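The next block holds one structure in the form of structure tokens; read it before the comments.
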Amino acid sequence: MAIQFGTYYTLIFAAIVLLVGRFLVQRVTWLREFNIPEPVAGGLVAALLSWGLNLSAGLQPSFDSGLQTAFMLVFFSSIGLSANFAKLREGGMGLMLFLLIVVVFIVVQNSVGIALASALGLDPLIGLIAGSITLVGGHGTAGAWGQVLEGQHGIRGAVTLGIACATFGLVIGGLIGGPLAKWLIQRHRLQGPQGDGNHGALESGTPNFEFPHKTRLITADATIETLALFAGCLAFAQFMTGLTAGTAVQLPTFVWALGGGVLIRNLLDYVFNYQVFDRAIDVFGNAGLSIYLAIALLSLKLWELAGLAGPLVVILGAQTLVMAAYAALVTFRFMGRNYDAAVLCAGHCGFGMGATPTAVANMQAITNQYGASHKAFLIVPMVGAFFIDLVNAVAIQVFIKLFG
């Protein structure tokens, strides 16, 4: 029997998930040592409880997806509103190099999925579903391309399969990023800045999303102005999604929200000479990130994942190992073999298997313990939230033409 929780109850449960996650990370040593993000820790507990209810009483709790989407758009808007051109220039060659590393990984991920699917006697396109369509692309891309594969290529159940794979990736991306980065830091005896940075007020120049527990000094006026900026980003995203639907430039709504943020931010900076209040954007962005992840994991239906076919489990297991190996051997090495590179690996695991919010949460778990990584927080949100979706769309098209 399905039990539907409305908006208010969904928000209450999400807050409880975050509080439980914080409690567990503070009290359970191995969660803290392996740098498991708080939303992931609390969300998995909630998912296990839901699974127990389903097994024992046949209950299937479901939560308001509109609220989850809204907070996801808030998070991506905050990335755009933080991205003035000066910060993008600061990313420089590091941003371009990381983007190139990610592009190569998309090719590797899809090649692994297609090769294993073919070896297991499945349609090669199923390997693509268990590749960048769902793991790099996430739930939105899984739904969109699933419909295409069902309607144009005869892959039955592609949407359901894609959502299940994307959910698997969201969980695994949050579980492997922190431990891998910790292993790299300890193995190579890397040193981050001293102190966890979570005490006192935020220092000037700190990128958004670093140190989510640190004090941000904001006012009611700044809050209202920031709400107006976010409303502008969401309105722009809604308008552009409708305008470009069915055209060659159709993009996911969250990409338009991020693009709207970039546009609004730089118009205010360079045309109207108005200084945006970054600390307020940071507060809203971190809150949106945490609540989005909490609702996503709260909505996790483990009984659906348990029903995945054996061959698909093999493919996803292999993709997990490939992601960890690629991050350790390629991302870490080419990004400098230093502390920033280790934090970038945590972020790469997050959006390489799950989603950009997972990447940011992974990096927060590392920097909270070992210290700041300004470079990682400049590069990962922009690559993982914007450039990657454009590149992934092209890569998916090419692979479908080759193997469809």
Side-chain angles (χ1 to χ4, degrees), residues 34-35 91-116 127-128 130-138 168-170 172-190 192 315-356 358-363 365-367 370 373-396 398-399:
F34 284 97
N35 303 104
M93 290 302 299
L95 187 148
M96 299 306 298
L97 178 59
F98 186 68
L99 178 60
L100 178 61
I101 290 169
V102 171
V103 169
V104 174
F105 174 72
I106 289 175
V107 176
V108 171
Q109 190 175 66
N110 285 334
S111 299
V112 168
I114 290 171
L116 286 175
L128 194 59
S132 73
I133 286 180
T134 61
L135 301 181
V136 170
F168 173 89
L170 186 70
I172 293 299
L175 289 176
I176 68 172
L180 175 66
K182 180 183 178 70
W183 178 76
L184 289 170
I185 290 169
Q186 293 180 342
R187 175 179 173 83
H188 296 278
R189 299 179 182 179
L190 304 175
I315 297 174
L316 292 174
Q319 293 286 27
T320 303
L321 295 177
V322 168
M323 176 73 262
Y326 188 91
L329 299 176
V330 178
T331 307
F332 179 70
R333 177 170 298 181
F334 283 93
M335 291 308 297
R337 296 172 60 90
N338 53 24
Y339 175 69
D340 287 326
V343 179
L344 282 167
C345 287
H348 191 183
C349 287
F351 71 76
M353 290 296 294
T356 303
T358 310
V360 174
N362 284 350
M363 295 193 301
I366 292 295
T367 56
Y370 293 102
S373 175
H374 296 339
K375 180 179 181 180
F377 279 89
L378 281 170
I379 290 175
V380 167
M382 286 303 298
V383 171
F386 184 66
F387 294 112
I388 194 64
D389 283 286
L390 300 177
V391 172
N392 193 29
V394 174
I396 292 169
V398 171
F399 275 94

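Just so we're clear, the structure is a prediction, and the values are computed from it rather than from any experiment.
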Side chain [X], main chain [Y], donor-acceptor under 3.5 Å:
X    : Y    : answer
Q109 : G352 : yes
N392 : S132 : yes
Y370 : K182 : no

Closest non-hydrogen atom pair, [X] against [Y]:
X    : Y    : answer
I315 : A130 : CG2-CB, 3.7 Å
L184 : C345 : CD1-SG, 3.8 Å
F334 : L97  : O-CD2, 3.2 Å
L135 : G169 : CD2-CA, 4.0 Å
I185 : A342 : CG1-CB, 3.8 Å
V107 : S111 : O-OG, 2.7 Å

| message | Pair L95, L378 - check side-chain contact (heavy atoms from CB on, under 4.5 Å), show working. | response | CA-CA 8 Å; L95 187 148; L378 281 170; over 6 Å; no

Are the side chains of [X] and [Y] in touch, meaning some heavy atoms are under 4.5 Å apart?
X    : Y    : result
Y339 : I366 : yes
V383 : V102 : yes
F105 : V330 : no

Nearest 0.5 angstrom please: [X] [atom1] to [Y] [atom2], how far?
X    : Y    : atom1 : atom2 : result
T367 : N362 : OG1   : CG    : 10.5 Å
T134 : M353 : OG1   : CE    : 8.0 Å
I388 : L99  : CD1   : CG    : 7.0 Å
M363 : D340 : CE    : CG    : 10.5 Å
L128 : F399 : CG    : CZ    : 7.5 Å

| task | Take the angle between the ring planes of H188 and F332 and call it parallel below 30°, perpendicular above 60°, tilted in between. | result | tilted

| Do the ring planes of H348 and F98 sit parallel (below 30°), tilted (30 to 60°) or perpendicular (above 60°)? |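 Perpendicular, since the angle between the ring planes exceeds 60°.
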
| Can you name the one residue among L344, L180, T320, T358 that meets side-chain contact (heavy atoms from CB on, under 4.5 Å) with C349? |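 When L344, L180, T320, T358 are each tested with C349, the side-chain contact (heavy atoms from CB on, under 4.5 Å) holds only for L180.
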
